[in-house]
Amino acid sequence: MNHINIVRRKKTMGLLFILLLVLSTGVESAMPIYWWDMAAANDTQRLTYDEQVSAFAAQGLINYKGSKLFFDIGPQNFDWPSADKFWRTELQKTARVTFINLEPSFCSLIKYALGENSFAGLVLYDGSQGSMVHYGDGYSTAIALTIAGQRRLLPVSTLTLERHRDCLGSVAIQEDLREVLRQKTRLEAWNWAIETLLPHSSKKTVFNLNRYRVSSDPKRFLKDPQSNATASSIDYIIQQNAFVLDLESHSSDGHSTAPRNADDALIERVFSSLDPLFDAYGWADDEFSWTNETSHFGGTIFCSFASPNLSFWSLFPLENGQKMPQKLPNNDGGRKLDKSKYYVTFETNEGDTPRILVSAMASAWAAPERGSIPIAWAIDPYLAERFPSLFNYFSTTATKNDSFIAGTAGAGYAYPNQMSEKQLEVYAERVGRLTQKFGPHVFDTYGYANISVHEKYAAAAARGGAAPKAFVTQPNWKSVNPAYSPFRCKDDSNMVLSDGTPLICTSGNPSLFYYSKSLNATCPSCDLAARIKDTAHRHPPPYFVLVYGGLQAFGGSEQKSKKNFFPLVGNTIQRLGDDFVVIGASELARLARESVILE
């Protein structure tokens with residue numbers, strides 16, 4: 001009996017067991033979901049980067065038309081290594097899902113995919129080997145992934161095929177990129193891909209693999225853990241038939257003197273062929289250049305390194321026949337404005353990303369302390385349409401102390417000040433449409449919109465469906481190039497738009513922006529409380545202080561520390577004293593507007 005029949009027999013037996021269990025108990029049938037422990041496979045087999053590419057691609061092919069397979073990537077999700085196990089527990093609580101464990105090995109995954117008829121053959125490519133083992137060649141993996149999504153083929157490198165002949169040896173090679181790309185330079189390979197493959201890819205979604213580096217790159221880019229972690233969302237881009245890039249640019253960040261290079265020109269060619277408001281998944285080593293270039297072409301970014309199982313969440317159905325996710329709760333405590341008080345709001349970071357949702361807010365949403373103090377959770381309402389069940393989880397499990405801010409920029413990470421007037425109008429109208437349906441009603445522009453842009457943004461959002469009740473903005477890092485410099489509120493003080501909409505400005509000095517690393521290690525809550533008091537006391541009450549950051553994304557969520565999110569925020573609040581009142585986002589918007597009216 002061949003391996004495909006063995007897999008099918010085991011699967012059939014598992015499904016029959018579930019069916020008998022359902023018939024005997026009389027409850028609604030649970031969806032069988034297969035579970036592959038990638039972390040365990042890594043421990044025992046030391047999966048190479050290329051093998052991980054194949055594994056994530058296999059998941060996307062398996063989940064192509066429905067949610068069938070869930071990965072546990074463990075520490076590869078450095079925002080919260082236990083996140084995948086958390087979701088398994090939460091899904092099982094609903095009794096809508098029954099998990100069936102696959103053997104944690106590479107070939108077990110491939111045999112399951114073959115048993116599901118998930119792919120029609122292989123696309124073979126050179127892969128990361130020899131001198132290119134760390135950064136690849138900057139094109140072959142990406143091009144193989146694009147072909148895989150278009151033709152439902154499994155991308156496999158030469159070495160991966162050699163290591164796993166027992167499960168891949170009998171699978172037909174439908175496309176041999178080694179021959180197609182032979183003797184082509186990197187630029188020639190990309191020209192071929194753009195001319196041949198781009199017309200058949202999605203016009204709505206693009207993906208940057210974030211693998212390629214050159215020796216002249218800054219050291220922090222050459223040793224960036226986000227690079228390999230970007231592979232975790234390959235499953236989604238295979239499912240979405242996205243065109244895959246592996247390009248880098250440093251010429252649009254305002255910090256670098258790097259000239260416009262061939263990669264910039266390639267990025268522009270690809271972006272110019274996409275729809276307005278296209279989604280740019282994956283990541284790039286230079287965040288500011290990548291975001292500037294995407295914004296110039298009217299697209300928006302969805303940072304998706306350390307973001308597993310997006311192909312699962314994109315198609316996993318809502319409960320009880322719901323057609324759309326539940327709107328985020330407004331959660332305004334209703335307190336009256338006290339003109340003798342200072343008001344403080346703690347806003348979380350990374351709210352524009354799917355990764356902050358799949359990590360349950362870097363574990364903070366799963367913390368037992370959640371609900372004990374007001375927190376303004378940054379979240380992207382566009383993700384309600386892309387990953388409905390995942391978004392719905394946060395809407396339905398929020399406590400009265402959980403409020404929300406649309407970050408970063410509103411609905412998709414973008415720099416509004418880098419958009420044309422038409423692009424800004426289209427973008428802001430989408431924000432208004434989405435926030436009317438899903439909330440929230442406070443928008444974070446992250447320091448990349450001046451007063452004029454805020455005014456235009458608010459008007460267009462209102463035309464789209466809902467105007468912001470308040471804007472918040474951040475004191476982002478300055479640029480040597482004025483064209484890319486962020487907006488800074490005058491004296492770091494709050495401002496008001498012409499229609500009375502508050503613009504709440506996080507302090508840059510003392511820093512209340514991504515503050516965790518700079519806090520005193522001995523007593524971080526003492527330091528943070530002192531910064532908040534310093535910021536507040538520069539103004540007569542009532543005044544509103546915004547504190548941005550605190551979630552231990554990028555690692556550290558499972559390490560006990562005085563800087564852990566809830567202990568730090570809780571201890572800081574205790575040190576502020578009676579003159580300070582901690583409020584959520586909805587209350588911030590209402591009270592700040594009331595304070596403007598009373599002036």
Can you check whether [Y]'s main-chain N or O pairs, donor with acceptor, with [X]'s side chain at less than 3.5 Å?
X	Y	value
Asp380	Thr353	no
Asp499	Thr501	yes
Gln239	Ser311	yes
His454	Leu497	no
Ser273	Val270	yes

Taking side chain as C-beta onward, heavy atoms only, is [X] less than 4.5 Å from [Y]?
X	Y	result
Phe443	Thr435	yes
Leu310	Phe387	yes
Tyr139	Asp246	no
Met361	Phe394	yes
Val547	Glu347	no
Ile147	Leu177	yes

Shortest non-hydrogen contact from [X] to [Y]?
X	Y	result
Ser249	Ile267	CB-CD1, 4.2 Å
Leu61	Arg152	O-NH2, 3.4 Å
Ser54	Val156	OG-CA, 3.8 Å

Which residues pass the ring-ring contact (aromatic ring centres under 6.0 Å, His included) test with Phe302, not counting sequence neighbours?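 Counting only residues at least two positions away or on another chain, Phe302 forms a ring-ring contact (aromatic ring centres under 6.0 Å, His included) with Tyr281, Tyr382.
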[X]: salt bridge (Lys or Arg N to Asp or Glu O under 4.0 Å) partners, not counting sequence neighbours:
X	result
Lys469	none
Arg269	none
Arg211	none

Just by distance, no angles: are the side chains of [X] and [Y] close enough, under 3.5 Å, to form a donor-acceptor pair?
X	Y	result
Asp137	Ser140	yes
Gln76	Ser232	no
His134	Ser128	no
Ser233	Arg355	no
Gln150	His200	no
Asp279	Gln240	no
Thr160	Ser157	yes
Tyr236	Gln59	no
Ser498	Glu455	yes

Return the CD1 to OG distance between Ile238 and Ser118, rounded to the nearest 0.5 Å.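 Answer for the CD1-OG pair, Ile238 versus Ser118, is 12.0 Å.
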Rounded distance (nearest 0.5 Å) linking atom CZ of Phe278 with atom NZ of Lys204: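 Here the rounded value is 14.5 Å.
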Is it true that [X] and [Y] have ring centroids separated by less than 6.0 Å?
X	Y	result
Trp87	Tyr393	yes
Tyr446	Trp477	no
Phe316	Phe312	yes
Tyr548	Tyr515	no

Check ion pair [X]-[Y] (N to O, under 4.0 angstrom):
X	Y	result
Glu425	Lys456	no
Arg213	Asp285	yes
Asp263	Arg186	yes

With a sphere of 6.0 Å drawn around CD of Glu421, does it hold more than 12 non-hydrogen atoms of other residues, nucleotides or ligands?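 Not more than 12 within 6.0 Å, no.
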Crowding at NZ, Lys223 (>12 non-hydrogen neighbours, <6.0 Å):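 No.
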All pairs passing salt bridge (Lys or Arg N to Asp or Glu O under 4.0 Å) where residues 437-448 contributes a residue, at least two apart: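 For residues 437-448, and leaving out neighbouring residues, the salt bridge (Lys or Arg N to Asp or Glu O under 4.0 Å) pairs sorted by first residue read Glu385-Lys437.
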Plane angle bin for Trp290 and Phe271 - parallel if under 30°, tilted between 30 and 60°, otherwise perpendicular: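 Answer is tilted, since the angle falls between 30° and 60°.
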Here's a test for you: under side chain to side chain contact (heavy atoms under 4.5 Å, CB included), which of Asp84, Val358, Asn77 qualifies with Asn309?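 That would be Asp84.
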In sequence, state the C-alpha distance, the side-chain angles, and the governing distance for Tyr135 and Tyr212, and then conclude on ring-ring contact (aromatic ring centres under 6.0 Å, His included). CA-CA 5 Å; Tyr135 307 121; Tyr212 185 61; 8.1 Å; no
Please name all residues satisfying disulfide (SG to SG under 2.5 Å) with Cys303, sequence neighbours left out, ordered by chain then number.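 With neighbours one apart ignored, the set is empty.
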